[in-house]
**Student:** 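If you scroll down you'll find the structure; I have some questions about it.
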Amino acid sequence: MASGDIARPGAANTRLERFRNLVHEQTGIRLSASKDQMIESRLRRRLIALDLPDVDTYLAYVFEGGGMTSELGEIVDLLTTNKTDFFREVAHFDLLERRMIPEALALAGPGRQVRFRFWSAAASTGAEAWSAAMLLDRAAREDDRLRWAILGTDISTGVLASARKAVYAAAELSPVPGPLKTRYVMSGRGPASEPLCRIVPELRARVRFERMNLTEFPYQIEDGVDVCFLRNVLIYFEPDLQRQVVAACAGRLRPGGYLVVGHSESMIVRQPDLTQVVPGAFIKSGGRG
């Protein structure tokens with residue numbers, strides 16, 4: 001593939017503009033023309049899979065050759081950012097364990113079961129959801145009133161498949177504290193004898209992952225969520241969409257529930273019924289806290 005192919009004038013540029021608009025419509029992510037080389041790099045896997053010579057030929061196939069239906073999911077998977085780590089921005093997980101869970105238990109009162117629901121709204125490959133699951137299960141072992149469940153959602157079917165499988169390179173589990181790793185992680189080896197880890201079955205039974213597009217409203221999520229982690233995704237959206245997504249997520253929280261965004265996203269949240277309690281974490285009005 002010639003490096004200049006993607007930038008030549010005429011139909012190629014028109015298709016690239018259509019492609020950037022398609023990505024925006026499907027994911028909410030606005031790609032400028034300066035991202036064309038990144039697009040070329042991300043799509044190379046599809047060129048190889050389909051034995052196509054260049055990006056323009058691929059885009060012609062997508063837009064004019066009947067390939068939209070089969071390729072749309074692949075495009076979303078390749079063009080969305082799926083950076084994630086276990087216990088990323090650990091202060092939020094400390095808040096979950098030390099404030100959010102105890103508040104829910106205190107609200108129920110002695111002897112009453114607590115149904116605690118955690119939503120990982122940009123779940124990626126599942127590290128965030130599994131990190132929360134470890135803490136929730138540990139809390140439930142200490143207080144048997146706690147009944148918890150986790151939903152992880154993402155637009156990418158590829159990362160959701162990885163999340164459901166719950167198998168990771170051993171190095172990816174390095175941020176997990178030792179006692180949690182001992183209880184909740186199984187170790188083994190892959191086909192090439194590489195060290196792999198898998199989340200234990202008892203956690204996998206309590207966490208489910210579903211495809212959901214944050215740009216499609218209303219959300220098909222049951223009301224009354226205790227905690228929604230919406231971290232490090234708002235930065236990819238334009239301001240109007242950011243406001244819509246925050247409002248939609250807040251609308252699924254119970255009074256006193258929490259919305260958690262990335263540390264760099266705190267200034268984005270301007271929802272009237274949300275009050276910031278620490279950087280990145282907001283409580284919904286109407287409950288304790």
**Student:** Which atoms form the tightest heavy-atom contact between Glu128 and Thr84, and what is the distance?
**Tutor:**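 Nearest heavy atoms, Glu128 then Thr84: N-OG1, 4.1 Å.
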
**Student:** Taking all non-hydrogen atoms of both residues, which atom of Pro175 and which atom of Phe87 are closest, and how far apart?
**Tutor:**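 That would be O-CD1, 4.2 Å.
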
**Student:** Is it the case that more than 12 heavy atoms not belonging to Arg98 sit under 6.0 Å from its CZ atom?
**Tutor:**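 Count not over threshold, so no.
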
**Student:** Over 60° means perpendicular and under 30° means parallel, so tell me whether His263 and His92 are parallel, tilted or perpendicular.
**Tutor:**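 Ring orientation, 0 to 90° scale: tilted.
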
**Student:** Does the separation of the ring centres of Phe209 and Trp130 fall below 6.0 angstrom?
**Tutor:**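 Between Trp130 and Phe209, which both carry aromatic rings, the centre distance is below 6.0 Å.
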
**Student:** Quick check against the 3.5 Å criterion: does Arg42 have a side-chain atom that pairs as donor or acceptor with the backbone of Leu78?
**Tutor:**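 Present.
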
**Student:** Which residues pass the side chain to side chain donor-acceptor pair (under 3.5 Å) test with Arg18, sequence neighbours left out?
**Tutor:**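 Glu64.
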
**Student:** Indicate whether any N or O donor in one side chain lies under 3.5 Å from an N or O acceptor in the other, for Asp273 and Gln271.
**Tutor:**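 There is such a pair (donor and acceptor under 3.5 Å, judged by atom type) between the side chains of Asp273 and Gln271.
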
**Student:** Taking all atoms of both residues into account, what is the closest heavy-atom pair of Thr153 and Leu160, and its distance?
**Tutor:**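 Thr153 and Leu160 have their closest heavy atoms at C-CD2, 4.3 Å.
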
**Student:** Suppose we screen for side chain to side chain donor-acceptor pair (under 3.5 Å). Which residues come up paired with Arg88, at least two apart in sequence or across chains?
**Tutor:**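 Side chain to side chain donor-acceptor pair (under 3.5 Å) list for Arg88, sorted by chain: empty.
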
**Student:** Are Tyr184 and Glu202 linked by a side-chain donor-acceptor pair shorter than 3.5 Å?
**Tutor:**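 Note: Tyr184 and Glu202 side chains miss the donor-acceptor criterion.
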
**Student:** Closest approach of Leu146 and Ala139, non-hydrogen atoms and distance?
**Tutor:**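 In this case the closest contact between Leu146 and Ala139 is CD2-CB, 3.7 Å.
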
**Student:** For the residue pair Ala108 and Arg145, what are the closest heavy atoms and their distance?
**Tutor:**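 Heavy-atom minimum between the residues: CB-NH1, 4.4 Å.
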
**Student:** Without swapping roles, check the side chain of Thr27 against the backbone of Ile29 for a donor-acceptor pair under 3.5 Å.
**Tutor:**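 Yes; judged by distance alone, with no hydrogens or angles, the pair exists.
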
**Student:** Which class fits the ring pair Tyr219 and Trp119: parallel under 30°, tilted 30 to 60°, perpendicular over 60°?
**Tutor:**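 Answer is perpendicular, since the angle exceeds 60°.
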
**Student:** Between Arg252 and Ile221, is there a donor-acceptor pair closer than 3.5 Å when you use the side chain of the first and the backbone of the second?
**Tutor:**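 Side chain of Arg252 to backbone of Ile221: a pair is present.
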
**Student:** Are Phe229 and Tyr258 near enough that their ring centres are under 6.0 Å apart?
**Tutor:**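 No, ring centres 6.0 Å or more apart.
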
**Student:** If you take all heavy atoms of Val185 and Ile199, which pair is closest and at what distance?
**Tutor:**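 Scanning both residues completely, I find the closest heavy atoms to be CG2-CD1, 4.4 Å.
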
**Student:** Indicate whether the side chain of Asp77 and that of Ser156 have a donor and an acceptor atom separated by less than 3.5 Å.
**Tutor:**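 Yes, Ser156 and Asp77 have a side-chain donor paired with an acceptor closer than 3.5 Å.
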
